[in-house]
Amino acid sequence: MEIIFATHNQHKTEEVRAILGPDYQIKNLPDIGCPDIPETADTLKGNALQKAQYVVDHYHCNCFADDTGLEIEALDGRPGVYSARYAGEGCSYQDNVRKVLAEMEGMTNRRACFKTVIALILDGEQYFFEGRIDGEILTEQRGTDGFGYDPIFKPLGFRQTFAEMSAIAKNTISHRGRAMQQLKEFLANRPR
C-alpha cells in the first residue's frame, strides 16, 4: 500500500518506515513535490489534520500527518504545539534545545511528556491516533542519535535519553512509536 506521510522531516520518515515495515510504501512531501504546509492550528490534532487535509485536497491521495509536542510541567506545558519552532521560525533543533535548557536553569521540577497525534485521511474518512510518553528534562545533553529534543529527554523508567537509544529501542517506547503502532494496527485490520 502506498501512502503519503505529510512531512519534510527525513528523520521522521525513516522512523515511520521502520515502524510500518515493508508492506507500506511511505512517500513524504519532497517525494511528491509538495511545499511546506503551514501549521496554524493551536492544537497538535489541528496541525496534524491541517497537513493531511492539504495533501488530500491538492494531491488526491491517502495521507497521514503527525504533530508532536514536548510539554514541560515547569514551563506551563511549553513548548507544546510550538515545539518545532520554539526558538523562532527557521530555528535549528539545537536552538530549541538551548532555549529549553536556558528557561529551565535552576528548576527542580523536570517532569515532561512527549505527545504525538496522527491524523489519517483514508478514502475520505478521518481517523486519529495518539501516543504519549512521560519523562524528564535533563540539565545537559546526552547522546548523538535521534533529533529534536531527544538529547535532553529521558523517558520514565530508563537511564538513557532518546538520543542515547538505538532507533529500534526508541521506536518501541516513544510517543511517535506508540501512535504509529495504533495506525499500523488500524491499517492491518481495516476492512478492504
Side-chain angles (χ1 to χ4, degrees), residues 5-16 28-30 34-55 64-119 130-156 158 160-167 169-171 173-180:
F5 179 28
T7 187
H8 277 89
N9 187 318
Q10 197 58 40
H11 294 289
K12 281 187 183 182
T13 303
E14 289 166 11
E15 279 187 5
V16 164
N28 61 20
L29 297 181
C34 182
D36 270 330
I37 302 168
E39 297 180 14
T40 57
D42 57 4
T43 64
L44 299 176
K45 182 178 180 180
N47 279 337
L49 181 59
Q50 185 177 33
K51 292 184 283 189
Q53 192 65 58
Y54 181 95
V55 171
F64 67 94
D66 80 323
D67 199 22
T68 294
L70 173 65
E71 297 178 359
I72 301 171
E73 195 172 285
L75 298 181
D76 299 320
R78 292 189 318 272
V81 73
Y82 303 106
S83 292
R85 55 196 180 280
Y86 193 48
E89 292 298 327
C91 64
S92 69
Y93 294 142
Q94 202 51 237
D95 295 334
N96 288 330
V97 167
R98 278 194 291 266
K99 181 172 181 177
V100 164
L101 289 176
E103 288 185 348
M104 294 195 69
E105 195 168 330
M107 292 184 174
T108 55
N109 177 2
R110 313 294 291 188
R111 287 191 294 269
C113 72
F114 265 121
K115 290 181 183 173
T116 292
V117 177
I118 294 173
E130 185 173 325
R132 173 189 172 124
I133 186 160
D134 293 300
E136 65 178 311
I137 302 299
L138 301 183
T139 56
E140 60 185 16
Q141 299 184 57
R142 289 192 347 215
T144 56
D145 290 332
F147 60 97
Y149 299 96
D150 288 356
I152 59 170
F153 184 82
K154 185 172 76 70
L156 203 60
F158 291 83
Q160 296 177 308
T161 66
F162 275 162
E164 294 174 301
M165 295 180 178
S166 70
K170 178 187 170 188
N171 289 342
I173 64 163
S174 77
H175 47 294
R176 185 172 299 105
R178 291 173 178 183
M180 287 304 304

When you compare the side chain of [Y] with that of [X], does any pair of heavy atoms fall below 4.5 Å?
{"X": "L70", "Y": "I137", "value": "yes"}
{"X": "E130", "Y": "K45", "value": "no"}
{"X": "S174", "Y": "M165", "value": "no"}

#### Entry: Selection residues 134-148 - residue pairs positive for salt bridge (Lys or Arg N to Asp or Glu O under 4.0 Å), sequence neighbours left out
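Checked against salt bridge (Lys or Arg N to Asp or Glu O under 4.0 Å) - neighbours excluded - the pairs reaching residues 134-148 are R132-D134, E136-K154, R142-E164.
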### Query
Does K99 NZ have over 12 foreign heavy atoms under 6.0 Å away?
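Yes - once you tally the heavy atoms of other residues, nucleotides and ligands closer than 6.0 Å, there are more than 12.
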Rounded to the nearest 0.5 Å, how far apart are [atom1] of [X] and [atom2] of [Y]?
{"X": "I72", "Y": "I152", "atom1": "CD1", "atom2": "CD1", "value": "6.0 Å"}
{"X": "L44", "Y": "I118", "atom1": "CG", "atom2": "CD1", "value": "11.5 Å"}
{"X": "T68", "Y": "R176", "atom1": "OG1", "atom2": "CZ", "value": "4.0 Å"}
{"X": "R98", "Y": "C91", "atom1": "CZ", "atom2": "SG", "value": "10.5 Å"}
{"X": "D67", "Y": "T116", "atom1": "CG", "atom2": "OG1", "value": "8.0 Å"}
{"X": "N96", "Y": "L101", "atom1": "CG", "atom2": "CG", "value": "11.0 Å"}

### Message
So if I apply the side chain to side chain contact (heavy atoms under 4.5 Å, CB included) rule between L29 and each of V55, T7, D36, which one comes out positive?
### Response
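Testing each of V55, T7, D36 against L29, the sole residue satisfying side chain to side chain contact (heavy atoms under 4.5 Å, CB included) is V55.
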Mind checking what makes side chain to side chain donor-acceptor pair (under 3.5 Å) contact with [X], not counting sequence neighbours?
{"X": "E73", "value": "N109, R111"}
{"X": "Q94", "value": "Q141"}
{"X": "S83", "value": "none"}

### Message
Please check this pair: side chain of R178 against backbone of I173, looking for a donor-acceptor N/O pair closer than 3.5 Å.
### Response
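Here the side-chain-to-backbone pair exists.
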Quick one: closest heavy-atom pair of [X] and [Y], and the distance?
{"X": "G148", "Y": "V97", "answer": "O-CG2, 3.5 Å"}
{"X": "A179", "Y": "G131", "answer": "CB-N, 3.6 Å"}
{"X": "T40", "Y": "N47", "answer": "N-OD1, 3.4 Å"}
{"X": "A52", "Y": "A119", "answer": "CB-O, 3.9 Å"}
{"X": "I37", "Y": "K51", "answer": "CD1-O, 3.7 Å"}
{"X": "M107", "Y": "R110", "answer": "O-NH1, 3.2 Å"}

### Query
Which residue pairs satisfy the ring-ring contact (aromatic ring centres under 6.0 Å, His included) criterion with at least one member in residues 94-113, sequence neighbours excluded?
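Counting only pairs at least two positions apart or across chains, no ring-ring contact (aromatic ring centres under 6.0 Å, His included) contact touches residues 94-113.
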### Task
Could you name each residue pair satisfying ring-ring contact (aromatic ring centres under 6.0 Å, His included) that touches residues 64-114, not counting sequence neighbours?
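Listed once each, the pairs are F5-F64, Y93-F147, F114-F153, F114-H175.
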### Candidate pair M180 and E15, rule side-chain contact (heavy atoms from CB on, under 4.5 Å), full reasoning
CA-CA 10 Å; M180 287 304 304; E15 279 187 5; over 6 Å; no
